[in-house]
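A quick write-up on the structure given underneath.
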Amino acid sequence: MPTTTPTERDVLDAAARIVEAFAATDTARYFAGFAPDASFVFHTEPARLEDRAAYEALWAGWIADGWRVTACVSSNPRVQVFPGGAVFCHDVATSIEVGADAGSRTTDSYAERETIVFRRAADGSLTAVHEHLSPAPNGAENGKTTP
């Protein structure tokens, strides 16, 4: 069976499903978008996460601490397709809340750049095999930076 190149729409839809699940703090739906052998590089973590299970364990700890996403907005997408997969890059603005009860909750917001590499599965779907998250430069908005 020949390797097919996904369409830009396929990639945008797959990325949107991941972002929407993250925004909803929907653990099962979020991780369903990633292959078991996916790797993750996050600027907030000291080491690369070598597979989905490692990220799921990290996520479970966040959830245990009362972590949840309150907003997640994707902008400035770029899609590069190739036979068998694609690279998706975007800017992402995320707001979170942490804390088990109202008296101890804190909030934070982040402006980051994210790259997700997708692989075409045997059933034709796209599955993320790598995610890389880095901080956006100061003043970065819609792909523009200011000194």
Side-chain angles (χ1 to χ4, degrees), residues 3-100 104-145:
T3 303
T4 60
T5 300
T7 66
E8 182 174 337
R9 179 79 270 151
D10 292 339
V11 178
L12 291 171
D13 289 348
R17 284 190 295 276
I18 288 173
V19 171
E20 289 165 6
F22 182 81
T25 318
D26 185 331
T27 301
R29 202 164 43 105
Y30 178 64
F31 284 105
F34 294 96
D37 63 343
S39 58
F40 304 85
V41 175
F42 302 139
H43 65 96
T44 55
E45 295 303 316
R48 179 178 57 231
L49 303 173
E50 298 294 346
D51 56 27
R52 186 180 68 197
Y55 184 16
E56 287 174 306
L58 179 65
W59 177 284
W62 295 341
I63 295 293
D65 290 339
W67 176 90
R68 70 180 186 96
V69 179
T70 57
C72 184
V73 178
S74 171
S75 63
N76 195 30
R78 176 180 164 114
V79 174
Q80 296 169 277
V81 297
F82 55 86
V87 177
F88 171 79
C89 297
H90 68 140
D91 298 331
V92 62
T94 303
S95 296
I96 63 160
E97 185 175 82
V98 180
S104 67
R105 282 193 199 119
T106 60
T107 61
D108 208 347
S109 294
Y110 309 97
E112 297 165 310
R113 291 180 176 168
E114 181 177 48
T115 300
I116 303 173
V117 179
F118 288 98
R119 170 176 66 206
R120 173 82 73 188
D123 67 1
S125 65
L126 287 172
T127 305
V129 295
H130 180 73
E131 178 182 4
H132 187 119
L133 196 60
S134 59
N138 288 340
E141 186 176 319
N142 297 323
K144 299 179 181 154
T145 59

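Interatomic distance, Glu50 CD to Asp37 CG, rounded to the nearest 0.5 Å: 11.0 Å. Taking CD1 from Ile96 and OG1 from Thr70, the interatomic distance works out to 8.0 Å, rounded to the nearest 0.5 Å. Interatomic distance, CZ of Phe31 versus CD of Glu56, reported as 5.0 Å (0.5 Å rounding). The CD1 atom of Ile18 lies 11.5 Å from the CZ atom of Phe22; values are rounded to the nearest 0.5 Å. Atom CZ in Phe34 sits 13.0 Å away from atom CG in Asp51 (nearest 0.5 Å). Between Ser109 atom OG and Glu97 atom CD the span is 11.0 Å, to the nearest 0.5 Å.
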Test side-chain contact (heavy atoms from CB on, under 4.5 Å) on Asp10 and Phe118 and set out the steps. CA-CA 10 Å; Asp10 292 339; Phe118 288 98; over 6 Å; no
Could you give me the CA-CA distance, side-chain angles and deciding distance for Val92 and Leu133, then say whether side-chain contact (heavy atoms from CB on, under 4.5 Å) is met? CA-CA 9 Å; Val92 62; Leu133 196 60; 4.2 Å; yes
Given Val41 and His130, is the side-chain contact (heavy atoms from CB on, under 4.5 Å) satisfied, shown in steps? CA-CA 8 Å; Val41 175; His130 180 73; 3.7 Å; yes
Run the side-chain contact (heavy atoms from CB on, under 4.5 Å) check on Leu126 and Arg120 step by step: do they pass? CA-CA 5 Å; Leu126 287 172; Arg120 173 82 73 188; 4.3 Å; yes
Verdict with supporting geometry, Asp13 and Arg17, salt bridge (charged side-chain N to carboxylate O under 4.0 Å, His left out): CA-CA 6 Å; Asp13 289 348; Arg17 284 190 295 276; 5.1 Å; no
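Side-chain contact check for Thr25 versus Tyr30: every heavy-atom pair is 4.5 Å or farther apart. In this structure, the side chains of Glu131 and Tyr55 come closer than 4.5 Å at one or more pairs of heavy atoms. Proximity of Tyr110 to Pro135: side-chain heavy atoms (C-beta onward) are nowhere separated by under 4.5 Å. Residues Thr94 and Glu114 form no side-chain contact, since every pair of their non-hydrogen atoms from C-beta on lies 4.5 Å or further apart. Using a 4.5 Å heavy-atom threshold, the side chains of Asp91 and Arg113 count as touching. Within the 4.5 Å cutoff, no side-chain heavy atoms of Arg78 are placed close to those of Val87.
Between Ser75 and His90, the shortest heavy-atom contact is O-CB, 3.4 Å. The two residues Ala128 and Ile116 come nearest to each other via the heavy atoms CB-CG2, 3.6 Å. Of all the heavy atoms in Val19 and Cys72, the pair that sits closest is CG1-SG, 4.0 Å. Taking both residues in full, the closest heavy atoms of Val11 and Ala86 are given as CG2-CB, 3.3 Å, listed atom of the first, atom of the second, then distance. Nearest approach of Arg119 to Ala35, heavy atoms of both residues: NH2-CB, 3.4 Å.
The environment of Arg48 atom CZ is sparse: at most 12 non-hydrogen atoms of other residues, nucleotides or ligands sit within 6.0 angstrom.
Judged by distance alone, the side chain of Asp65 and the main-chain N or O of Trp67 form no donor-acceptor pair under 3.5 Å.
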